[in-house]
Amino acid sequence: MKKIGFYLLLCALVSCSKKEEIHPQYQDIQELVFASGELEWDDTYHLTAQTDGVLNQLSFEAGDIVQKGTVLAVIDNPTNQINSQTARAQSEIADENVSVNAPALLALEQNIQSAERKYLQDQKQAERYERLQQNNIGSRVDYENAQLAAKNSLASWQSLKKQYAQLQQQARGQLITTRGQLKNSQILEDYNKITVAENGTVIKKFKNKGDYVRKGDVIASIGDAQKVEAVLNVDENSIGKIKIGQRVYVKLNTHKDQVYQAKISEILSAFDTASQSFICKATFNEVLPQALFGTQLEANVLVAEKKHALLIPRSYLSYGNKVNLKGKDEPVQIKTGIVSTEYVEVLSGLDTSSVLLPLKP
């Protein structure tokens, strides 16, 4: 028994003495930034109610493909309808008032014609008295009265014509106002209809027939199911490394055994307080077999890579970029480059002959 125990102890000492030394080695390295996220469809938007009322028509379900201009729902708001009818009637009256057959214009036109006839008659009378006066026939008073009558009738005629022009202008102004009111009321009446803004597929239905909705309530979400993108949440410490066009490796929760390739297509400039991260979008290089809206995913963004780089295990690098070396009493500081989850690129301070020692616990 003693011989066997001594033999096992001897084997253990030999094994420890032959323990493999860790040297920096030349290998390829990639730096990846992890991001969580979900699938979304491009050009996603909300259909919202533009007025208050009850949904008395609803002709869609989630998953339906809808076309631009299609009315998906109707809100019962009689106020808008009544206002539109009133504005239409007022516009018709304004149209009539501006025409030559408008009662006010016809009455004024008759007064103008009468004033014109009176002026012509008074003018002839004044000319007759003027000729008599030139021949020293008749009294001076009759002559002056005839001239005054002609002058007054001319002024009356001209005043009526100005009134006519002014009445026409007022009628045209009223017509412009009522037509504007009609257009506004028609727009408000159209708000009773929930109309598709762009072609797409209904992602989610938020309201049902009979629901009371207020202005701004979301009726449905619509997006382009043919244009799928990954919306990524990137930590604020890593966002500075993200660039447009970088390669992204994506795993969907619905297909965890498959890795899909994409590329960064957009970096939103604002910090998202809800997720406490920056938002980036990535478009896929291939068609996904099943692109369900909202599918959760994990992604790794390739932010840097290098061929034949001098690497050491990341677990041997301590705070301040220092490593422990065989034959050195103090840690040695090195200059690092790309840092991956497992390895660190060494730019200076080590070579392949260096022997790394584990970090002290």
Side-chain angles (χ1 to χ4, degrees), residues 18-39 228-267 277-289 295-328 331-361:
K18 293 184 178 180
K19 185 177 181 180
E20 183 181 0
E21 294 180 335
I22 303 299
H23 296 267
Q25 295 183 358
Y26 283 100
Q27 294 181 13
D28 298 342
I29 186 173
Q30 292 182 333
E31 182 178 1
L32 301 170
V33 169
F34 174 80
S36 61
E38 62 182 16
L39 287 184
V228 182
E229 58 187 8
V231 179
L232 310 177
N233 301 314
V234 180
D235 183 81
E236 59 183 337
N237 296 323
S238 303
I239 190 63
K241 300 178 181 180
I242 306 299
K243 302 290 185 295
I244 298 295
Q246 288 175 334
R247 192 184 312 161
V248 185
Y249 303 100
V250 180
K251 277 188 177 182
L252 304 178
N253 283 7
T254 54
H255 298 79
K256 293 187 176 181
D257 57 342
Q258 179 70 39
V259 177
Y260 300 97
Q261 290 198 23
K263 62 181 180 180
I264 297 294
S265 57
E266 185 179 357
I267 303 173
S277 62
F278 284 92
I279 304 299
C280 299
K281 295 185 179 181
T283 54
F284 290 90
N285 300 339
E286 54 191 313
V287 178
L288 301 182
T295 299
Q296 300 297 300
L297 58 86
E298 294 180 352
N300 284 288
V301 184
L302 179 61
V303 297
E305 62 179 336
K306 192 172 182 179
K307 301 291 185 181
H308 196 62
L310 186 63
L311 307 181
I312 63 171
R314 187 171 179 176
S315 59
Y316 281 74
L317 184 69
S318 68
Y319 180 77
N321 292 337
K322 293 180 179 181
V323 295
N324 295 331
L325 295 180
K326 184 177 181 180
K328 299 287 185 180
V332 175
Q333 187 172 34
I334 65 174
K335 184 178 180 181
T336 62
I338 296 175
V339 179
S340 72
T341 55
E342 297 181 358
Y343 295 97
V344 177
E345 179 189 9
V346 179
L347 297 179
S348 63
L350 298 177
D351 56 33
T352 54
S353 64
S354 304
V355 179
L356 298 171
L357 298 178
L359 300 177
K360 295 180 180 180

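The shown structure was predicted, so the numbers you read here are calculated from the model rather than taken from an experiment. This chain uses plain numbering: 1 for the first residue, then up along the sequence.
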Does the side chain to side chain contact (heavy atoms under 4.5 Å, CB included) test come out yes or no for Gln261 and Phe284, once each step is laid out?
CA-CA 6 Å; Gln261 290 198 23; Phe284 290 90; over 6 Å; no
Write down the atom of [X], the atom of [Y], and the distance for their closest heavy-atom approach.
| X | Y | result |
| --- | --- | --- |
| Val303 | Lys241 | CG1-O, 3.6 Å |
| Pro24 | Ser354 | CD-O, 3.2 Å |
| Ile239 | Cys280 | CD1-SG, 3.7 Å |
| Lys306 | Leu347 | NZ-CD2, 4.2 Å |
| Ala299 | Leu232 | CB-CD2, 3.8 Å |
| Asp28 | Leu311 | O-CD1, 3.9 Å |

The side-chain contact (heavy atoms from CB on, under 4.5 Å) partner of Ile334 among Val346, Leu325, Leu310 is Val346
Inter-residue atom distance [X].[atom1] - [Y].[atom2], 0.5 Å rounding:
| X | Y | atom1 | atom2 | answer |
| --- | --- | --- | --- | --- |
| Ser277 | Asn237 | OG | CG | 12.0 Å |
| Ile264 | Arg247 | CD1 | CZ | 12.5 Å |
| Asp235 | Phe278 | CG | CZ | 9.5 Å |
| Ser340 | Gln30 | OG | CD | 9.0 Å |
| Leu317 | Leu359 | CG | CG | 7.5 Å |
| Leu297 | Asn253 | CG | CG | 7.5 Å |

Under 6.0 Å from the CZ atom of Phe34, do we count more than 12 heavy atoms belonging to anything else shown? yes
* Report yes if the side chains of Asn324 and Leu356 come closer than 4.5 Å at any heavy-atom pair, otherwise no. => no
What's the verdict on side chain to side chain contact (heavy atoms under 4.5 Å, CB included) for Thr295 and Leu288, showing C-alpha distance, side-chain angles and the deciding distance?
-> CA-CA 12 Å; Thr295 299; Leu288 301 182; over 6 Å; no
* Name the orientation class of the two ring planes belonging to Tyr260 and His255 (parallel below 30°, tilted from 30 to 60°, perpendicular beyond 60°). => perpendicular
Polar side-chain atom of [X] near backbone of [Y] as donor-acceptor pair, under 3.5 Å:
| X | Y | value |
| --- | --- | --- |
| Glu31 | Gly337 | no |
| His23 | Thr352 | yes |
| Gln333 | Gly320 | yes |

>> Before you tell me yes or no, could you show the steps for Gln246 and Leu302 under side chain to side chain contact (heavy atoms under 4.5 Å, CB included), namely the whole-Å CA-CA distance, both residues' side-chain angles and the distance that decides it to 0.1 Å?
In response: CA-CA 6 Å; Gln246 288 175 334; Leu302 179 61; 5.8 Å; no
